[in-house]
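Worksheet for the structure shown next.
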2 protein chains.
Amino acid sequence: MRKLKDENTEEQILDAAKHIFQSKGMDGARMQEIADKAGINKAMLHYYYRSKQLLFEAVFKNAFSLLAPQLNAILNDDSSIEEKVKNFTSDYITFIVKHPYLPNFIIQELNRNPEFLLKMKDTNGFPNIEKFKKQVDREVEQGIIKPISAEQLFLNIMALNIFPFVAKPLIRAFTNTDNEAYNQLIEARKTEVADFIINAIKNS
Amino acid sequence: MRKLKDENTEEQILDAAKHIFQSKGMDGARMQEIADKAGINKAMLHYYYRSKQLLFEAVFKNAFSLLAPQLNAILNDDSSIEEKVKNFTSDYITFIVKHPYLPNFIIQELNRNPEFLLKMKDTNGFPNIEKFKKQVDREVEQGIIKPISAEQLFLNIMALNIFPFVAKPLIRAFTNTDNEAYNQLIEARKTEVADFIINAIKNS
DNA sequence: ACATGGTTTAACCAAGTGGTTAACAAATGT
DNA sequence: ACATTTGTTAACCACTTGGTTAAACCATGT
């Protein structure tokens with residue numbers, strides 16, 4: 001039973017750390033609070049993860065490894081751009097609704113410390129635009145979509161899907177929507193965003 | 001000369017506080033660092049602003065009062081939606097290039113403490129969607145633009161314009177662009193984003 | 001039974017935190 | 001000239017922070 005106990009504690013710590021780090025950020029998080037949430041002694045955090053920085057990095061990598069496959073779906077899949085936009089928009093929103101703190105966490109911490117991405121860039125599965133670039137250029141050339149660079153299109157897709165979660169408090173205030181109404185707005189975006197993008201780029 | 005001296009110090013503090021708070025956030029900022037940056041004694045921060053929280057609020061309100069008029073340009077102006085989209089996209093990007101930390105700062109701190117907006121909501125000039133809503137409904141009814149709710153359209157415009165600044169490190173990594181190339185990408189968006197939006201909503 | 005190893009705990013620590021204070025400097029009113 | 005008010009400083013304070021440690025705990029192999 002020893003082994004089970006270890007892994008259990010280690011996982012409990014990571015679980016608690018996810019909650020605290022993702023809602024309060026590296027600077028706002030407190031080791032004691034993580035320990036309390038995990039229901040264990042603070043010394044255990046250091047026993048398993050050595051330092052706050054390393055515990056944070058474990059949480060960040062974990063979060064990033066959840067997000068990366070989602071983005072690869074639009075960058076590396078073989079179906080048409082139109083199809084990918086439709087699928088991605090729906091899938092991504094569904095995904096983030098289950099992990100609401102995720103995009104904001106990653107964006108905030110990367111702005112705090114951009115060099116941190118370098119550690120991650122050579123891990124395989126790191127999203128890369130190259131394949132998508134060729135596909136966009138091809139569909140533009142074939143006249144399927146209007147002229148646009150892959151970077152701009154990718155940025156637009158990311159923006160329309162991620163931003164509503166990141167800027168939720170701000171947009172809620174401007175649009176006078178309560179929490180539930182905003183969630184409905186988000187839900188509607190599963191199809192509306194795809195239509196918006198396709199209208200914008202498709203040649204008629 | 002007394003008055004001049006006072007205002008000078010008070011302003012130097014606010015200036016330094018802007019830099020530190022906007023780049024490190026409330027939790028990451030240190031009063032001593034702000035004092036050092038301003039080149040004055042730490043006690044002066046409390047003399048003029050009482051506490052870290054109040055100094056932070058002064059910085060936040062200042063930042064917000066810079067941003068709000070920009071957003072009101074698209075919500076309250078009387079010109080057509082197409083025209084406003086064009087103007088806003090260009091103006092807003094120009095504006096943020098001059099204040100690069102601003103959107104991220106506001107979004108970050110609002111996520112940390114959403115209730116904070118309530119303090120701000122009744123100040124006049126607080127962006128409100130109501131007028132824009134009527135305009136969108138009218139243009140939809142007149143067949144100028146495709147059916148879309150004002151909230152979704154507003155959210156899309158915000159997303160496409162703000163997100164590239166907020167997610168800069170992330171997008172730079174995925175698209176393998178260096179800082180200068182990314183700035184060019186942003187520069188191009190001054191017109192590309194407007195075209196993208198108008199293509200998406202305009203009835204042909 | 002007992003030695004062994006990893007696991008867990010309470011108590012502790014040095015460094016840093018926001019904030020205060022008492023004395024000093026400088027400008028102003030009279 | 002002098003008292004008063006305002007601005008400024010260095011030293012200080014209570015408290016929190018991440019991190020350590022030494023002793024206790026406990027499952028296992030022999």
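These figures come from a predicted structure and were not determined experimentally. Naming: A, B, ... by sequence-line order, numbering from 1 per chain.
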Within the pair B/Tyr47 and D/dT6, is there a side-chain N or O less than 4.0 Å away from OP1 or OP2?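 So the side chain of B/Tyr47 is outside the cut-off, no N or O lying under 4.0 Å from OP1 or OP2 of D/dT6.
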
With sequence neighbours excluded, residues passing side chain to side chain contact (heavy atoms under 4.5 Å, CB included) with [X]:
X        : value
B/Ser23  : B/Tyr101
B/Lys134 : B/Arg138
A/Asp77  : A/Ser79, A/Lys84
B/Lys86  : B/Glu82, B/Ala194, B/Ile198

Whole angstrom is fine here: how far is it from [atom1] in [X] over to [atom2] in [N]?
X       : N      : atom1 : atom2 : answer
B/Leu45 : D/dT8  : CG    : C1'   : 12 Å
A/Tyr49 : D/dG19 : OH    : C1'   : 17 Å
A/Tyr48 : D/dG19 : OH    : P     : 18 Å
B/Met44 : D/dA10 : CE    : C1'   : 13 Å
A/Asp27 : D/dT17 : CG    : P     : 13 Å

Name the orientation class of the two ring planes belonging to B/Phe154 and A/Phe174 (parallel below 30°, tilted from 30 to 60°, perpendicular beyond 60°).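 Plane angle over 60°, so perpendicular.
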
Taking ring-ring contact (aromatic ring centres under 6.0 Å, His included) as the test, write out the residues that go with A/Phe163, two or more places apart.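 If we apply the ring-ring contact (aromatic ring centres under 6.0 Å, His included) test to A/Phe163, skipping adjacent residues, there are no hits.
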
If a protein heavy atom is under 4.0 Å from the base, mark B; if only from the sugar-phosphate, S; if neither, -; do that for nucleotides 14-21 of chain C going 5' to 3'. ---SBBBB

Enumerate donor-acceptor pairs with a distance under 3.5 Å from any side-chain N or O in residues 30-43 of chain A to protein atoms, sequence neighbours excluded.
{"unit_1": "A/Arg30", "atom_1": "NH1", "unit_2": "A/Asp27", "atom_2": "O", "d": "3.1"}
{"unit_1": "A/Arg30", "atom_1": "NH2", "unit_2": "A/Asp27", "atom_2": "O", "d": "3.4"}
{"unit_1": "A/Gln32", "atom_1": "NE2", "unit_2": "A/Asp36", "atom_2": "OD1", "d": "3.0"}
{"unit_1": "A/Glu33", "atom_1": "OE1", "unit_2": "A/Lys24", "atom_2": "NZ", "d": "3.4"}
{"unit_1": "A/Glu33", "atom_1": "OE2", "unit_2": "A/Lys24", "atom_2": "NZ", "d": "3.0"}
{"unit_1": "A/Asn41", "atom_1": "OD1", "unit_2": "A/Ala43", "atom_2": "N", "d": "2.8"}

Output one line per pair: protein atom, nucleotide atom from nucleotides 22-25 of chain C, and distance, for all N/O pairs under 3.5 Å.
none

For residues 56-63 of chain A, dump all side-chain donor-acceptor pairs below 3.5 Å to protein atoms at least two apart in sequence or in another chain.
{"unit_1": "A/Glu57", "atom_1": "OE2", "unit_2": "A/Gln53", "atom_2": "NE2", "d": "2.9"}
{"unit_1": "A/Glu57", "atom_1": "OE2", "unit_2": "A/Lys119", "atom_2": "NZ", "d": "3.0"}

